[in-house]
Each structure stands twice: as structure tokens, then as C-alpha cells.
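To start, the structure under review is shown below, and the notes come after it.
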Protein chains: 2
Amino acid sequence: MGATKTDHFTNKQNQIATIAKALGHPARIAIIEYLLKVNECICGDIVNELPLAQPTVSQHLKELKNAGLIKGNIEGNSVCYCIDEKTFNVLKDYFSKIILTVTNQKCC
Amino acid sequence: MGATKTDHFTNKQNQIATIAKALGHPARIAIIEYLLKVNECICGDIVNELPLAQPTVSQHLKELKNAGLIKGNIEGNSVCYCIDEKTFNVLKDYFSKIILTVTNQKCC
DNA sequence: ATTTAAAATCGCAATATTACGATTATATAA
DNA sequence: TTATATAATCGTAATATTGCGATTTTAAAT
């Protein structure tokens, strides 16, 4: 055991879980917030900003990119990263729907 | 290594990461969606609904509760679980703010 | 062609997560 | 009191994540 039983859940459930998982680390939240502040930047900027080594930051960027939360465009010998809006919209819509549903519910 | 450097990040960043992490598993998303559908239920109902054993479901419920995403009230010899609205509101607000910020940005 | 710069990948150690069988705790029912 | 029902906890195996030093890849600059 130890592996998640991904195939037993719906695509939507796996999609939301994958996005949430990518945001489930304070360093990755910090990267997102930094990108919101500066609009766009390269990996080295984040390395200077966070108390983490370059390979660690690179790995976090990879996970955010895999989840569709950021985009990375090659610009010369560096990579320009920025927020990928559409995936954040998926989350916003998902939680907005939850709030709409739950406000009509009574709890035990 | 292997441990997250929690103390290097802000309380807010850790809070969002903790909540997102709790939602970062399809089984826990499925539990949330089931609770939204049935309003409230006991652990055994979820065990019947999901392809997971009782201790596994119990553990997932514990994590959702620790993150403040669900409430659990003892009712006789069972525990009644339901959505904890306020934590979902934290997420909704957080992502709404991100969307507002990011729509004015241009990407590389 | 050689050097420099940026960032990805490799490899590894420490730690965390996932899943579940077995057991335990708690409360109701007989 | 004894049996039953519900769910938490314990223990453990399999797997995944985190973090970083060392190395490699890629592209620009000299």
C-alpha cells in the first residue's frame, strides 16, 4: 500500500485533488504570492526570495506547472514564470459552488 | 531532510497550504462531495460509499477535521459529520482575491 | 571555441502519506 | 452483564514527498 487509489474516483475529483495537492505546501503558496506581486519572474528570483536551494525551488516550480497553476516560457537562457489564470478559476468556481450549496444546509 | 520548512513561511501561507493539502486527495474530495449531497452522515455511510476500508476512511475524516473542513459531533455510539462552512469560505475568499489580482496581469 | 549564467535533472537521505488488518474504546441494546 | 454496533487507534508495509549537493543541459556572451 501507500499509493493513492486514483482510478476509483471521478476525473473531476482527481483534477481538484491534484490542483489542491500542488497548493498544499507553504513554499508553493509563497511562490504563487510572489508571482502575484511581481507579475512574472525567473527561477533565480524565487531562489533569492525563499529560504530554499535552487534545485528545491525548481522542483516546486515543476509541480506547480504540472498542475497547471503556472506557465513557464523560455526566454534566452532563463525561464519566465507567471500565474496560469484558468486553473485558479477552476478552483474559485469549485469553492464558490460549495459555498452556495453549503449555506442552505444545517449541521448536526 | 524530508520535513517541510514550515517556520520559514507566514501563518497565512501555512494556513492556506494546510487546508489545500487536506483537499489534496481524491478520497477526501469524494467525502466532501458526499457530505454536500447528503448534508450530514456517519463514518459507516462513507465506508459504504467509497472503495476504502473503515480505518482508512476514519483517517481521512480525521485529516479533514484537523484542517477545519468538517465538523464531527458525537451522537450516541456514532459520530455525525458535516461540512464546516467557514474554512471553505477562507479558501473561496483567497482564490477570489487571486483571480482579481491576476486578471490585470499580463503573462510572459 | 571557451567561458559564464540559468535552471533542469540525478541521486540520495530523511520524513510523510496512504492503506488496511487487528485491536481497542465507547455507547446502546438485549 | 453480555452482546452488538460504531468508529477511533495501533502497527506496519508500500509508496510519495521534501530538500539539497553534485552534475548536466541549454543558451548567451566573450
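Just so we're on the same page: letters track the sequence lines, and every chain starts at 1. Just so it is clear, the model here is predicted, and its values are computed rather than measured.
- For the pair A:Thr87 (side chain) and A:Gly68 (backbone), a donor-acceptor distance under 3.5 Å is present.
- When distances run from any side-chain atom of B:His25 to the nucleotides C:dT18, C:dT9, C:dC20, the shortest one goes to C:dT18.
- Along DNA chain C, the nucleotide nearest B:Asn77 and the nucleotide nearest A:Gly44 are compared for position; the residue whose nucleotide lies closer to the 5' end is A:Gly44.
- The neighbour count for A:Asn11 CG, taken as heavy atoms of other residues, nucleotides or ligands under 6.0 Å away, does not exceed 12.
- Of the possible polar contacts, none joining the B:Asp45 side chain to the B:Cys41 backbone as a donor-acceptor pair under 3.5 Å is found.
- Nucleic acid contact for B:Leu52: sugar-phosphate only, since backbone atoms but no base atoms lie under 4.0 Å from a heavy atom of the residue.
- Among the heavy atoms of the strands lying under 4.0 Å from A:Ser58 is at least one base atom, whether or not backbone atoms are also near.
- Closest contact between the side chain of A:Thr56 and the listed nucleotides C:dA7, D:dC20, D:dT18 involves D:dC20.
- Comparing B:Tyr81 and A:Ala27 along DNA chain D, the residue whose closest nucleotide (by nearest heavy atom) sits nearer the 5' end is B:Tyr81.
- Among the atoms of the strands shown, only primed sugar atoms or phosphate atoms (P, OP1, OP2) are found under 4.0 Å from some heavy atom of A:Glu63.
- Looking at heavy-atom distances under 4.0 Å, B:Lys21 makes contact with sugar-phosphate atoms alone, never a base.
- Between B:Thr6 and B:Lys62, the residue anchored closer to the 5' end of DNA chain D is B:Lys62, taking for each the nucleotide with the nearest heavy atom.
- Of the candidate nucleotides D:dA7, C:dG21, C:dA7, C:dG21 has the atom nearest to the side chain of B:Pro55.
- In A:Lys12, the NZ atom is crowded: over 12 heavy atoms of neighbouring residues, nucleotides or ligands sit closer than 6.0 Å.
- Side-chain to base pairing of A:Gln54 with C:dA6: no donor and acceptor N or O lie closer than 3.5 Å to each other.
- Across all strands, A:Leu61 comes closer than 4.0 Å to no nucleic acid atom at all (heavy-atom distances).
- Among the atoms of the strands shown, only primed sugar atoms or phosphate atoms (P, OP1, OP2) are found under 4.0 Å from some heavy atom of A:Ile42.
- An OP1 or OP2 oxygen of D:dG19 is reached within less than 4.0 angstrom by a side-chain nitrogen or oxygen of A:His60.
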